[in-house]
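The block underneath contains the structure these notes are about, expressed in structure tokens.
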Amino acid sequence: MNFSAELIAWYDQNKRDLPWRNTTDPYIIWLSEIILQQTRVEQGLPYFNRFANTYPTVAHFAAATEDDILRLWQGLGYYSRGRNMLKTARMVMEQYNGLFPSDYEELIKLKGIGEYTAAAIASFSANQAKAVVDGNVFRVLARYFGISEPINSSAGKRLFQQIADDMLDQARPALHNQAMMEFGAMLCKPKNPACGICPVRIGCYAFKNNAITTLPVKINKIKVRKRYFNYLLIFKNGKILINKRGENDIWANMYDLPLIESSELLEIEQVMTLVRENIYGVNVTLKDNSGIIKHILTHQQLFIRFLVFTELPKKLHGGWFYTDITNLDNLALPKSVFKFIKDFFNF
DNA sequence: AAATCGGGGAT
DNA sequence: ATCCCAGATTT
């Protein structure tokens, strides 16, 4: 057996039972693929089930509002995925008569669908001979062939795509792609891969040369930005003051609280000075504060503090509005903000 | 080519 | 702490 056949045989014996593997509906496969971008199967699975149940067809999806989608996406991160999905669902309704495409060249035109996702949908739904290259495939190929070209350089991406294309089983691309990814996720893992039971270790460069820990190669380490968020939790008579965020920063178009961001960590009194100057215009009583809550994201470290007030400011800034506390369940809030408010009001 | 976009789990 | 996850888009 060749490399691909070995992995398919392994897959046949070891695959997980996942709901999106039981369909060839490109819409359902699209749902799963977008949700799983940069997301572990275990984390994405409940979201997939909620989306598939709430929006059984692309027509249902296209009829949703952005608030609906973001609310259902709440907690999953990388929210532009959800916003792009709505654009794509509406494009499918208008340009494809509601019939979700399964051809690579059509899929790649849609919002939020890149090379990987187009190949995944095309192969899984229509058995098109397009090789997927995701994080798993990068790792499997780098180790097996001993490729030290960085996986996140332009040359590296081209090289790995080329190799993946060459390896693809033209007769059963869907099975091949599933096998490559499942093998990478379950056996050829980043840490402590199960080389002892690996069906292709005899031909594996990394196994033979003890290079498991050095492959694949990745360059450019991300730099983390530190930000200091002072959130104002202002409520009275069952109403809470909410802010709708803009389109650029993190959590685009989502909801949070009136925010005073500072470039460094401030003392409470320094924040209160800003609150008096910029929010109330007069003296105001601080009812409570949360202390610093550290929230770690991939590219940012957020040092969040919540300040509680029960007096209402005279003027509202852009994006601010009052809503019933009971309506908070309908708004898409960042995980960290949602958790604090939820605990604070005990709902 | 580099930066940006979340949150969570494994080590 | 560090790495990475069924990556894509913008700068």
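Residue numbers begin at 1 in each chain, while the letters A, B, ... track the order of the sequences. Computed from a predicted model, the values in this text were never measured in an experiment.
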Which of the following nucleotides, [options], is nearest to the side chain of [X]?
X        : options              : value
A/Pro334 : B/dG7, B/dC5, C/dG7  : B/dG7
A/Gln37  : C/dA8, C/dC5, C/dA6  : C/dA8
A/Tyr78  : C/dA6, C/dT10, B/dG6 : B/dG6
A/Asn84  : C/dG7, B/dC5, C/dT9  : C/dT9
A/Leu297 : B/dG6, B/dC5, C/dG7  : B/dG6

Would you indicate, yes or no, if [N] has its OP1 or OP2 atom less than 4.0 angstrom from a side-chain nitrogen or oxygen of [X]?
X        : N      : value
A/Trp251 : B/dT4  : no
A/Lys111 : C/dT10 : yes
A/His299 : B/dG6  : no
A/Gln38  : C/dC5  : no
A/Lys223 : B/dA3  : yes

Indicate, with a heavy-atom threshold strictly under 4.0 Å, whether [X] touches base, sugar-phosphate, or nothing.
X        : answer
A/Ser153 : nothing
A/Asn177 : nothing
A/Trp30  : nothing
A/Ile222 : nothing
A/Lys189 : nothing
A/Glu42  : nothing
A/Thr298 : base
A/Gly75  : sugar-phosphate
A/Arg139 : sugar-phosphate

Residue pair A/Ile296/A/Leu18 against DNA chain C: nearer the 5' end by closest nucleotide is A/Ile296
* Toward the 5' end of DNA chain C, which comes first, A/Leu110 or A/Val41, by nearest nucleotide? ->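 Here A/Val41 is the residue nearer the 5' end.
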What is the distance, to the nearest angstrom, from the [atom1] atom on [X] to the [atom2] atom on [N]?
X        : N     : atom1 : atom2 : result
A/Lys191 : C/dT2 : NZ    : C1'   : 7 Å
A/Ile250 : B/dA3 : CD1   : P     : 18 Å
A/Ile35  : B/dG7 : CD1   : P     : 16 Å
A/Leu215 : C/dC3 : CG    : P     : 16 Å
A/Tyr79  : B/dC5 : OH    : P     : 13 Å
A/Tyr116 : C/dC5 : OH    : P     : 12 Å
A/Lys109 : C/dA8 : NZ    : C1'   : 19 Å
A/Asn192 : B/dG9 : CG    : P     : 19 Å

**Prompt:** Is A/Asp68 salt-bridged to A/Arg71, going by a charged N under 4.0 Å from an acidic O?
**Reply:**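 Between A/Arg71 and A/Asp68 there is no salt bridge, as every charged N stays at least 4.0 Å from the carboxylate O atoms.
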Is A/Asp17 paired with A/Arg21 through a side-chain N to carboxylate O contact shorter than 4.0 Å?
no
Do [X] and [Y] have side-chain atoms, one donor and one acceptor, less than 3.5 Å apart?
X        : Y        : answer
A/Gln37  : A/Tyr116 : no
A/Glu182 : A/Asn14  : no
A/Lys130 : A/Tyr104 : no

Closest nucleotide of DNA chain B for A/Ala155 versus for A/Arg225: which of these residues is on the 5' side?
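Upstream on the strand: A/Ala155.
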Going by the angle between their ring planes, with limits at 30° and 60°, are A/Tyr231 and A/Phe229 parallel, tilted or perpendicular?
perpendicular
Spacing of the P atoms in B/dG6 and C/dT11 (rounded, Å):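 The same atom, P, in both gives a distance of 15 Å.
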- Query: If you measure from the P atom in C/dA6 to the same atom in B/dT4, how many Å do you get, rounded?
  - Reply: 25 Å
Between A/Tyr78 and A/Trp73 (judged by ring centroids, cut-off 6.0 Å), do the two rings come close enough to count as a pair? no
So for A/Arg40 and C/dC4, does any side-chain atom that can act as donor or acceptor lie under 3.5 Å from a complementary atom in the base?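 Checked by distance alone, the answer is yes.
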